[in-house]
Asker: 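Below: one structure in structure tokens.
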There are 2 protein chains.
Amino acid sequence: MSTLANEIERYLKRLLDKSKKGFLEIKRNDLAEMFMCVPSQINYVLETRFNNSQGYHVESRRGGGGYIRIVKLSVEKDEDLLVLVNSTVGKMISQQSGEGLINRLEEEGFLTKRESILIRAIIDGKTLDLDVPERDLVRARILRAVLISLLREDL
Amino acid sequence: MSTLANEIERYLKRLLDKSKKGFLEIKRNDLAEMFMCVPSQINYVLETRFNNSQGYHVESRRGGGGYIRIVKLSVEKDEDLLVLVNSTVGKMISQQSGEGLINRLEEEGFLTKRESILIRAIIDGKTLDLDVPERDLVRARILRAVLISLLREDL
DNA sequence: ATATATAAGGTCAGTAATAGTCAAAAAATC
DNA sequence: GATTTTTTGACTATTACTGACCTTATATAT
């Protein structure tokens, strides 16, 4: 098997897919017990796999009756994509955030697998091979241009 | 008895041939232990025997659960593409030549219309917004990376 | 009401598990 | 003997996991 973090990720994503409400509520301690790990491992998974740039919103409450709610943010219309691009791709963007965005757009059906592999190859630091901050600036311009170009009406 | 690097190369290529998925995943440390050498020896083999021009793509992850993945690029049906890319895309390439190449690949059916629009957006001088000669160098690296990525056998 | 106990979840820094880089030493080849 | 290729190891970078300590909400006793 893969890492524990990956397994927890898969488990949660499966539950999310099954849930027709588009969100999921869990008890941090129960989940930790289920996977036989410390509770903070759950936070690690949430931070690395369910963050904003990957298309999830997480909210929680402490105390008795506490919970963690994971909401999947969906991208349905071209307008959503525009908003997303504007909020995610600023003047500069890291490779990691860029990949998160690409993965998400592939999952949402905006990009084919080939397209996402192609874009990932481009925004790879080794391909760009520039010094930061130039690299993060160019990456942002590329991502913006690519995604905007896909909104063309004639496609 | 040939060199160690050759033995590791043969071993990996044999595994790759057996694997029907077109790619192979290894743990650098395990392989190093198996051949009783330092881990960086594995990197040497990958750099000298499994690079792009030899028809392989290598990707990896560090950290817990890390791995090295070797993907074979298909050359049977796309040998022409590789030749074309190598003859057209040198160390640097102008926007005009780049577009010429993209157009041709689209006509030949290697790229969909969307893909070609997407790539054209990227290699546009305004997107890259770098001074020459840097711009032409980056454009060449991007084109090369894109086309290589489309040859991946695990697509 | 107030204080206290209990039941959640959060943070952060440290440790473990991987892989990458680079230059020097050693071996092979020319 | 010179040059190229291979091998090694010290240092660096990244990702995963753990545990001690912190914060917040709710329930209960006084």
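Just so it is clear: chains get the letters A, B, ... in the order the sequence lines come, proteins before strands, and each one is counted from 1.
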Asker: Mind checking what makes salt bridge (Lys or Arg N to Asp or Glu O under 4.0 Å) contact with Asp136(A), not counting sequence neighbours?
Answerer: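 Counting only residues at least two positions away or on another chain, Asp136(A) forms a salt bridge (Lys or Arg N to Asp or Glu O under 4.0 Å) with Arg139(A).
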Asker: Apart from Phe23(B) itself, what residues make up its hydrophobic cluster when side-chain heavy atoms of I, L, V, M, F, W and Y under 4.5 Å apart count as a link, directly or indirectly?
Answerer: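 Val71(B), listed by chain and number.
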Asker: Rounded off to whole Å, could you give me the CD1-to-P distance for the Ile68(A) and dT11(C) pair?
Answerer: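 The distance from CD1 of Ile68(A) to P of dT11(C) comes to 10 Å, rounded to the nearest Å.
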Asker: If you count heavy atoms of other groups shown closer than 6.0 angstrom to CZ of Arg104(B), is the number above 12?
Answerer: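 Check fails, neighbour count at 12 or below.
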Asker: Would you say Ser60(B) places a side-chain N or O within less than 4.0 Å of OP1 or OP2 belonging to dG20(C)?
Answerer: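 Looking at the OP1 and OP2 atoms of dG20(C), one of them is under 4.0 Å from a side-chain N or O of Ser60(B).
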Asker: Remember a base hit wins even if backbone is also touched, and classify Gly64(B) as base, sugar-phosphate or nothing at under 4.0 Å, heavy atoms.
Answerer: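 Base: the residue Gly64(B), judged by heavy atoms under 4.0 Å, touches a nucleobase.
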Asker: Restricting to side chain to side chain donor-acceptor pair (under 3.5 Å), what partner residues turn up for Ser74(A), sequence neighbours left out?
Answerer: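 Residues passing side chain to side chain donor-acceptor pair (under 3.5 Å) with Ser74(A): Glu76(A).
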Asker: Excluding sequence neighbours, so at least two apart, what forms side chain to side chain donor-acceptor pair (under 3.5 Å) with Asp30(A)?
Answerer: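 Asp30(A) satisfies side chain to side chain donor-acceptor pair (under 3.5 Å) with no other residue.
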Asker: Does Lys27(A) have any salt bridge (Lys or Arg N to Asp or Glu O under 4.0 Å) partners at least two apart in sequence or in another chain, and if so, which?
Answerer: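 Scan of Lys27(A) (salt bridge (Lys or Arg N to Asp or Glu O under 4.0 Å), adjacent residues dropped) gives none.
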Asker: Let me test you: for the helix from dA1(C)-dT30(D) to dC30(C)-dG1(D), what is the angle between the axes at its two ends (five pairs each), rounded to 10 degrees?
Answerer: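 Both end axes considered, the difference amounts to 0°.
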Asker: Say whether Asn43(A) and Ser40(A), considering side chains only, have a donor N or O and an acceptor N or O under 3.5 Å apart.
Answerer: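 Not at all, the side chains of Asn43(A) and Ser40(A) share no donor-acceptor pair under 3.5 Å.
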Asker: Reading DNA chain D from 5' onward, which residue's closest nucleotide shows up sooner: Arg62(B) or Gly65(A)?
Answerer: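 Going by which nucleotide is closer to the 5' end, it is Arg62(B).
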Asker: Relative to the 5' end of DNA chain D, which residue comes earlier, Gly63(A) or Arg49(A), by the nucleotide with the nearest heavy atom?
Answerer: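 Nearest-nucleotide comparison on DNA chain D picks Arg49(A).
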Asker: Pick base, sugar-phosphate or nothing for Arg69(A), based on heavy-atom distances below 4.0 Å to the nucleic acid.
Answerer: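 No contact.
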Asker: Gln95(A) side chain to Gly125(A) main-chain N or O, any donor-acceptor pair under 3.5 Å?
Answerer: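 Judged by distance alone, yes, a pair lies under 3.5 Å.
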Asker: Looking only at the side chains, is there a donor atom on one of Glu106(A) and Asn103(A) sitting less than 3.5 Å from an acceptor on the other?
Answerer: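 No.
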Asker: Rounded to whole angstroms, how far apart are NZ on Lys126(A) and C1' on dG20(C)?
Answerer: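 Rounded to the whole Å, the gap is 9 Å.
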Asker: Taking 5' to 3' order, which nucleotide of DNA chain D is first and which is last to have an atom within less than 4.0 Å of a heavy atom in chain B?
Answerer: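 In short, chain B contacts DNA chain D from dT5(D) to dA16(D).
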Asker: Strictly by side-chain hydrogen bond (donor to acceptor under 3.5 Å, both in side chains), give each pair with a member in residues 123-132 of chain A just once, sequence neighbours left out.
Answerer: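 Sorted result for residues 123-132 of chain A: empty, none.
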Asker: Look at the side chain of Arg49(A) and the backbone N and O of Glu9(A), then say whether any donor-acceptor pair between them is shorter than 3.5 Å.
Answerer: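 No, Arg49(A) side chain to Glu9(A) backbone: no donor-acceptor pair under 3.5 Å.
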Asker: List the residues meeting ring-ring contact (aromatic ring centres under 6.0 Å, His included) with Phe35(B), not counting sequence neighbours, and say none if there are none.
Answerer: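 Expected list: Tyr11(B).
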Asker: Where along residues 24-31 of chain A does a heavy atom come under 4.0 Å from DNA chain D, residue by residue in number order?
Answerer: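 Nothing qualifies; none.
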Asker: Can you list everything that forms a side chain to side chain donor-acceptor pair (under 3.5 Å) with Asp154(B)? Sequence neighbours excluded, please.
Answerer: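 Residues passing side chain to side chain donor-acceptor pair (under 3.5 Å) with Asp154(B): Arg152(B).
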Asker: For DNA chain C, which residues in residues 33-44 of chain A have a heavy atom at a distance below 4.0 Å?
Answerer: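 When residues 33-44 of chain A is checked for heavy atoms under 4.0 Å from DNA chain C, the hits, listed by number, are Ser40(A), Asn43(A).
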Asker: Whole angstrom is fine here: how far is it from CD in Glu59(B) over to P in dA19(C)?
Answerer: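 Glu59(B) atom CD is separated from dA19(C) atom P by 14 Å.
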